[in-house]
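Single-structure report; data block below.
Remember, it's 1-based here, ligands and their atoms both numbered in the order they're listed.
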Amino acid sequence: MNRLVILASGSGSNAENIIQYFKKHTSIIVTSVVSNRKDAFVLERAKKLNIPHVYFPKKAFFEDNLVLNHLVKNADYVILAGFLLKIPKNIVKAFPNRIINIHPALLPKFGGKGMYGMHVHNAVKEQGETETGITIHYVNEHYDEGAPIFQATTPVLKTDSPEDIAANIHLLEQTNFPRVIEEAIL
Ligand code: GRF
């Protein structure tokens with residue numbers, strides 16, 4: 001079995017979609033969900049779906065090895081689904097080419113510090129982009145700079161609001177993320 005641990009900080013719609021997709025999979029299994037935010041909705045989603053879930057404070061990621069130990073014990077691959085902390089070096093080192101992130105833009109555009117959630121879609125709108133999309137990529141020590149695995153695009157119409165863009169991105173994420181994870185692993 002290829003075991004996945006999902007790291008997420010927010011709502012967790014991607015996490016839920018991934019959990020559902022692999023529920024009856026013969027060789028890939030989600031073993032747990034980890035969040036750095038105690039009140040993240042992703043933890044409730046995991047609970048409802050009967051997936052072990054755990055909150056770790058920032059300190060557990062950076063100052064001691066609690067998260068690293070959890071991952072080493074439970075994961076062959078680490079999936080970042082809306083996870084907002086930078087991944088500590090010791091975790092990157094322990095999982096070379098085994099950490100996969102999704103970014104809601106066409107990297108290298110609109111990546112880096114501060115580029116998450118609506119900040120990304122607002123920037124896309126402000127810069128008058130005619131298309132945007134998603135990037136699924138491996139994670140290295142630099143923010144949003146690991147090798148790309150997959151990109152998909154969606155047009156941005158002049159009449160689209162940042163919220164419209166967000167909705168289109170959401171659709172691309174739901175359609176592609178689990179399948180791309182599956183292909184990257186198998
Ligand atoms: C997604 O847009 C993802 O690309 C980004 O954060 C968002 C997470 O949404 N990295 P959700 O928590 O999965 O609903």
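Considering Asn17, Ile169, Asn14, Ile102 only, the shortest heavy-atom separation from atom 13 (O) of ligand 1 involves Asn14. Nearest-heavy-atom check against atom 14 (O) of ligand 1 across Ala40, Gly82, Ser13, Ala166 picks out Ser13.
Between Gly10 and ligand 1, no N or O atom pair is found at a separation short of 3.5 Å. Backbone and side-chain nitrogen or oxygen atoms of His103 are examined, and none is located within less than 3.5 angstrom of a nitrogen or oxygen of ligand 1. Here's the thing with Glu173: one of its N/O atoms is less than 3.5 angstrom from an N/O atom of ligand 1. Polar contact check, Ala81 against ligand 1: no nitrogen or oxygen pair lies under 3.5 Å apart.
Proximity of a side-chain donor or acceptor of Thr31 to a complementary backbone N or O of Leu4 within less than 3.5 Å is detected.
A cation-pi arrangement, defined by a distance under 6.0 Å to the six-membered ring centre and an angle within 45 degrees of its axis, is absent between Arg37 and Phe56.
Heavy atoms of other residues, nucleotides or ligands lying less than 6.0 angstrom from NZ of Lys86 number more than 12.
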Set out, in order, the CA-CA distance, both residues' side-chain angles and the distance that settles side chain to side chain contact (heavy atoms under 4.5 Å, CB included) for Asn101 and Phe83, then state yes or no. CA-CA 8 Å; Asn101 182 42; Phe83 184 69; 5.8 Å; no
What verdict does the side chain to side chain contact (heavy atoms under 4.5 Å, CB included) test give for Ile102 and Thr135, after you've listed the backbone C-alpha separation in whole Å, the side-chain angles of each residue and the deciding distance to 0.1 Å? CA-CA 6 Å; Ile102 188 162; Thr135 303; over 6 Å; no
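Of the protein's non-hydrogen atoms, Gly12 N, 2.7 Å is the one closest to atom 12 (O) of ligand 1.
Using a 4.0 angstrom heavy-atom cutoff, Ala8 does not count as in contact with ligand 1.
Closest heavy-atom contact between Ala94 and Leu68: CB-CD1, 3.8 Å.
Within the model, atoms CG of Asn168 and CD of Glu173 stand 11.5 Å from one another, a figure rounded to the nearest 0.5 Å.
Atom numbering of ligand 1 starts at 1 in the shown order; those under 4.0 Å from a heavy atom of Ser11 are 12 (O), 14 (O).
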